Every structure is written in C-alpha cells, then in structure tokens.
Protein chains: 2
Amino acid sequence: MEVQHHNHQACYKRVMAVHDTMDVLGGKWKISILSSLGFGKKRYSEILKEVNGISGKMLSRELKDMEMNLLIKRTVLETQPVTVQYELTEYCENLMPIIFSLAEWGTAHRQRVLAKWGR
Amino acid sequence: MEVQHHNHQACYKRVMAVHDTMDVLGGKWKISILSSLGFGKKRYSEILKEVNGISGKMLSRELKDMEMNLLIKRTVLETQPVTVQYELTEYCENLMPIIFSLAEWGTAHRQRVLAKWGR
DNA sequence: CTGTATCCACCTTGATACTG
DNA sequence: CAGTATCAAGGTGGATACAG
C-alpha cells in the first residue's frame, strides 16, 4: 500500500536521525552537563559540583568531546591559578529547549512512578 | 547574591530531572525504538528490521524495560505462530514531540558537520 | 515468530595518584 | 584549579544455540 510504504521510509529516516543525535548526546553525562551549562557559563569545578556523581575524568572527557562537536566553547582565563570557563555555543542553544523538555518530562515521570508505587 | 543562588537551585534541580529522564531513556537503543513505534504499532520482527544494527537480545531487553516503565504496551496475538504487537502508551505520546525534535536536530547537525568537513 | 540462556570480548567508568 | 595516566571492575552488547 502506498501510505504504508511512505510511512516506512519516513520511519526509517527518523530512526537514523535520532541515532545520529544520540551519537553526539549519548553517554551517561552529556545531557546533564549541557543542562547545567544552560544556566550560564561555568567553571570546571562548578560543573563538577552541579552534575551529581560525575568524576573529574569523565567530566574532562565529555567536555572535550562536546567541544569537538561544537556544542560548547572552552576559554582559559589567565588567572592565578588558571581557571577555565565553559559555555554553550550559539549552535547548541537550539538544543536547549529540547533538553528542558526532557527535564520537565523527567519530573513528571518521577511523580507518576511515585504515585503508582507509593513512596 | 540572590539571583545567583536562585539560579543554582534551579540548575541543580534541572540537572537531576534530566538525569531521571536519561535513566529511563538511556541506553543505546531505547529512543530509536520509541522513534520507530511513533509511526504506529509494530511487531517484534518489524522493529528488528527498522532499528538498524540492534540484536534480538537487546531488542527484547529494551522492550521489556520500557514496558515496565509504562512507555510501551505489549499485546500477544494468538495467531499461528504467535505474533506480538508493540505500541506506545498514551503516556509515552507526550514524549514523542521531544523525540521528533531530537531527530530534526540530528539531521541538521549531520548536515552541519558535513558542511564543515566536506563530503 | 518471539523470545531466553550462555558465553565472551569490549567498552565505559570510577578510584587513585599525579602534573602543570 | 584543571586536568591526565593508570589500573581494575563491572556493565554492555553481539553471536550462537535453543525453547515455546
């Protein structure tokens, strides 16, 4: 059937597209880090505190990865000792509404699960 | 400062909320599977074909996991041999616009990367 | 067709110690 | 402060064989 065939094409494409996105945003911490940076520039140690549970090694690694993907910008401030600021790129700003939506859904989901299973 | 403090609270909350979401949607395949189901009911073997690269074991595992999280509904059809239909729950429908947004962003991102590095 | 069980290679992550 | 290096442990996912 015509419609079925068209649907299959569209479906396949979208599955691939989502997969592309997750290649960039996958991993345990990336979206949390972006979410933190969504509130403004942050120093390395600030992110470390705000993203609960992440280790220094993973933070460096994920930051570097996202820098290469043009999602964030890294700036070294020549203070004593050195401090480093991270911020979202303009490019990445497009992504933030989606991430905020994910946050809202997560909150709602948690409430739903709590309501179902009680405490 | 007042505003700083308020921001930090809000930031922390949102990072946690996003983390909650990713607990449910994390993993290599879940979002791709949901994306596929977003186009309508699918049988096990259909999803297997549409979600490129997934193995049968992982598909079962992820489906079961999402069923427990109330994201999808599983229905056994007493055909010969048995077939099984999966579909999104009404609850999960709320999530689909977000997933579609992720797909759109992924497509745009891919184009951007291609434009930058050529071919 | 729709799974489950097992085995195993690989990857990811955390802890710790260390550098500039 | 902002990382890097190393190691060990556990998780993740694929292949295969098998079951209902």
Side-chain angles (χ1 to χ4, degrees), chain A residues 8 15-16 18-34 36-37 40-69 71-88, chain B residues 8 15-16 18-20 22-37 40-69 71-88:
Chain A
H8 183 274
V15 171
M16 297 300 287
V18 169
H19 193 268
D20 285 350
T21 306
M22 294 331 272
D23 265 359
V24 180
L25 297 183
K28 196 170 174 180
W29 304 108
K30 291 207 183 69
I31 292 189
S32 292
I33 295 169
L34 291 181
S36 163
L37 286 176
K41 303 181 184 183
K42 296 274 166 67
R43 300 215 325 266
Y44 177 86
S45 50
E46 290 176 315
I47 306 174
L48 206 52
K49 268 178 289 182
E50 279 178 355
V51 178
N52 209 280
I54 195 172
S55 70
K57 183 180 75 171
M58 288 314 297
L59 181 54
S60 312
R61 187 184 293 179
E62 304 272 57
L63 284 170
K64 198 186 299 177
D65 198 278
M66 290 193 291
E67 194 190 353
M68 295 196 318
N69 272 303
L71 297 181
I72 61 180
K73 178 162 168 280
R74 178 179 180 272
T75 311
V76 179
L77 306 178
E78 293 300 346
T79 52
Q80 189 55 254
V82 164
T83 57
V84 182
Q85 281 218 333
Y86 290 93
E87 62 193 297
L88 302 178
Chain B
H8 183 274
V15 171
M16 298 298 289
V18 170
H19 194 268
D20 284 351
M22 294 333 268
D23 265 359
V24 180
L25 297 183
K28 196 170 175 181
W29 304 107
K30 290 209 183 67
I31 292 188
S32 291
I33 295 169
L34 290 182
S35 167
S36 163
L37 287 177
K41 303 182 183 184
K42 296 275 168 65
R43 300 218 324 268
Y44 176 86
S45 51
E46 288 175 316
I47 306 174
L48 205 54
K49 267 178 289 182
E50 278 178 355
V51 178
N52 210 281
I54 195 172
S55 70
K57 183 180 75 169
M58 289 313 299
L59 181 54
S60 312
R61 188 186 292 180
E62 304 273 56
L63 285 170
K64 199 187 298 179
D65 198 278
M66 291 193 289
E67 193 190 355
M68 295 197 317
N69 272 304
L71 296 182
I72 60 180
K73 178 162 169 279
R74 177 178 181 274
T75 310
V76 179
L77 305 178
E78 294 300 346
T79 51
Q80 189 57 253
V82 165
T83 57
V84 182
Q85 282 219 332
Y86 291 92
E87 62 193 298
L88 303 179

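What you see is a predicted model; the values in this text were computed from it and never measured. Side chains included, hydrogens not; waters and symmetry mates left out as well; all remaining heavy atoms used.
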When rounded to whole Å, the CD1 to P distance for the pair A:I72 and D:dA2 reads 14 Å
Rounded to whole Å, the CD1-P distance (A:I54 to C:dT13) equals 9 Å
By side-chain hydrogen bond (donor to acceptor under 3.5 Å, both in side chains), B:R74 pairs with (sequence neighbours left out) B:Y86
Atom CE of A:M58 and atom P of D:dA9 are separated, to the nearest Å, by 19 Å
Between CD1 of B:I33 and P of D:dG13 the distance, given in whole Å, is 11 Å
For B:E50, the salt bridge (Lys or Arg N to Asp or Glu O under 4.0 Å) test, sequence neighbours excluded, returns B:K42
A:E62 CD to C:dT13 C1', in whole Å, measures 10 Å
A:K42 atom NZ is separated from D:dG3 atom C1', nearest whole Å, by 19 Å
Here the distance between atom C1' of D:dA2 and atom CD of A:E78, to the nearest Å, is 13 Å
Sorted by chain and residue number, the side-chain contact (heavy atoms from CB on, under 4.5 Å) partners of A:K41 (sequence neighbours excluded) come out as A:Q85, A:E87
Protein-proximity profile, nucleotides 1-7 of chain C, B/S/- by nucleotide at the 4.0 Å heavy-atom cutoff, equals SSSB-B-
Sequence neighbours excluded and cut-off under 3.5 Å, please list the side-chain donor-acceptor pairs for residues 23-35 of chain B, or say none.
from, atom 1, to, atom 2, distance (Å)
B:K30, NZ, B:G26, O, 3.2
B:K30, NZ, B:E62, OE1, 3.0

Hits for side-chain contact (heavy atoms from CB on, under 4.5 Å) against B:S55, two or more places apart or cross-chain, chain-then-number order -> B:K57, B:M58
To the nearest 0.5 Å, atom CG of A:L59 lies from atom CD1 of A:I54 at 4.5 Å
Separation of C:dT12 atom C1' from A:D23 atom CG, nearest Å, is 16 Å
